[in-house]
K.L.:
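Starting off with a structure, shown below.
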Amino acid sequence: MSRLLVRNLAQLATPAGTDAPLRGRALGEVEVVSDAYLLCEDGRVTAVGRMRDLEPPEGDVEEIDGRGRCAIPGLVDCHTHACFAGDRVEEFALRAAGASYEELHAAGGGILSTVRATRGATEGELVEVVRQHGGWMLEHGTTTFEAKSGYGLDRETELASLRAIRAAGGLPTWLGAHAVPPEFASADDYLDYALSEVLPDAARVADAADVFLEQGAFDVAQARRYLEACREAGLALRLHGDQFTEMGAITLALELGARSVDHLEATGPDGVRALATSAVAGVLLPASALFLGRPMPPARALIDAGAAVALATDFNPGSAFCESLPLVCSLACTQLRMSPAEALAACTVNAAHVLGLAGRKGRLAPGYDADFVLLDAPDWRYLAYHMAGTVVAETVLAGRTAR
Ligand code: NIG
Ligand code: FE
């Protein structure tokens, strides 16, 4: 048996209770144990409590001194596009000089320029790049990450992307409907190809499917057709919706029983109400809104109306070249009017729920996976408070120090 004991923690903080997803008031309830210990065995948490109640375990135990540090659950990034080759630094500079994201996309840049670069990479190179990006995430406390394909848009590159994500330790989502590649005359022609030639094999590797429902990408009828076929093939459903325009993504997500609608920067009061009274989670991506200089999603309205809300980075080369969930938590508290407790729950237990992992990940309690972060801080709220600081001292994955 392998055992790990963390002693003398200034604080141990974890979303309260056992429910998932957390909503409303419960989203803001964090259990904080001061002067705490954390005991793990064979990759699982077996006990947490106050130092004075610790019964020293017998036999071989690896120990970590937690003095001056706080433990929180390993962060879960439920929305990334971590599998891509090349970069978009040139486009970043053009945007800084005044060009808009949509203009660059319409001119064949944007997503399609990353598609060209990604098609030129071998599967081995894609594995390496996802490993590199996963390593960056780990530096910022992310112990579980989802990653989407969607920069291949042909059979070979989409399947290579999904396998590369899995091989590099990520949870693959098939974003087969991200953009219409240039060799197809229409979105419908491309979907004919993707659903007949790619879906059967993609469904064997991926956990979920995702679609970009937006002007210039896919409309509601096309998104419905894509998602229905994916559901039929056994995939969980996600949508990129209401990023620039409200086009019915929330209504469609409810109709199809999707896991989540992600972005929501353009969501109005009707969308807020519909989402809040449904089982569909809203995934908020404030780093992407910031990076593109767009309005922030209506987080406060969603939470107050009872929606299940998660936070993620949207890490990608175009709209959010940012792998830091602690920075996302800072944005949640400063831009989305979320409390530090709501931010923590949104990128742990609720993000785990979006990935179908809420029973195993997102809390520091007996039975959960021993994935946790030691913050270099006297109070766990430094997670959001120390903006872009080096707040992560150590990350532990399945009971072993990962960095
Ligand atoms: O979530 N909105 C569409 N897809 C990504 C951006 C992809 C890109 O710009 O490369 C997003 O923001
Ligand atoms: Fe995205």
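As a basis for the values below, the full set of heavy atoms in this structure was taken, side chains included, without hydrogen atoms, waters or symmetry mates. As the structure lists them, so they are numbered: ligands from 1, and atoms in each ligand from 1.
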K.L.:
What do you reckon, are the aromatic ring centroids of Phe315 and Phe145 less than 6.0 Å apart?
P.N.:
no
K.L.:
Distance only, no hydrogens: is a donor on one side chain within 3.5 Å (strictly under) of an acceptor on the other, for His240 and Asp262?
P.N.:
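Per modelled atom types, His240 and Asp262 side chains form no pair under 3.5 Å.
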K.L.:
The Fe ion (ligand 2) and His81: any N/O/S contact shorter than 2.8 Å?
P.N.:
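Within the cut-off used here (under 2.8 Å), His81 does place an N, O or S atom near the Fe ion (ligand 2).
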K.L.:
Looking at Asp314, pick out the N, O or S atom nearest to the Fe ion (ligand 2) and give its name.
P.N.:
OD1
K.L.:
Tell me, which residues have any heavy atom less than 4.0 Å from some atom of ligand 1?
P.N.:
His79, His81, Arg88, Tyr101, Ile111, Tyr151, His178, Phe212, His240, Gln243, His263, Asp314, Asn316, Gly318, Ser319
K.L.:
Can you give the angle His240 NE2 - the Fe ion (ligand 2) - His79 NE2, rounded to 10°?
P.N.:
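Between NE2 of His240 and NE2 of His79, at the Fe ion (ligand 2), the angle is about 90°.
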K.L.:
Verify the distance criterion only: is there a donor paired with an acceptor across the side chains of Gln11 and Ser34 at less than 3.5 Å?
P.N.:
no
K.L.:
Using the ring centroid of each side chain, check whether His133 and Phe84 are separated by less than 6.0 Å.
P.N.:
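Yes; Phe84 has its ring centre under 6.0 Å from that of His133.
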K.L.:
Examine the side chains of His263 and Asp242 and answer whether a donor and an acceptor come within less than 3.5 Å of each other.
P.N.:
no
K.L.:
Would you say the rings of Phe184 and Tyr193 are close, in the sense that their centroids are separated by under 6.0 Å?
P.N.:
yes
K.L.:
Using the rule side-chain hydrogen bond (donor to acceptor under 3.5 Å, both in side chains), only one of Lys148, His79, Arg238 pairs with Asp210; which is it?
P.N.:
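Only match with Asp210 under side-chain hydrogen bond (donor to acceptor under 3.5 Å, both in side chains): Lys148.
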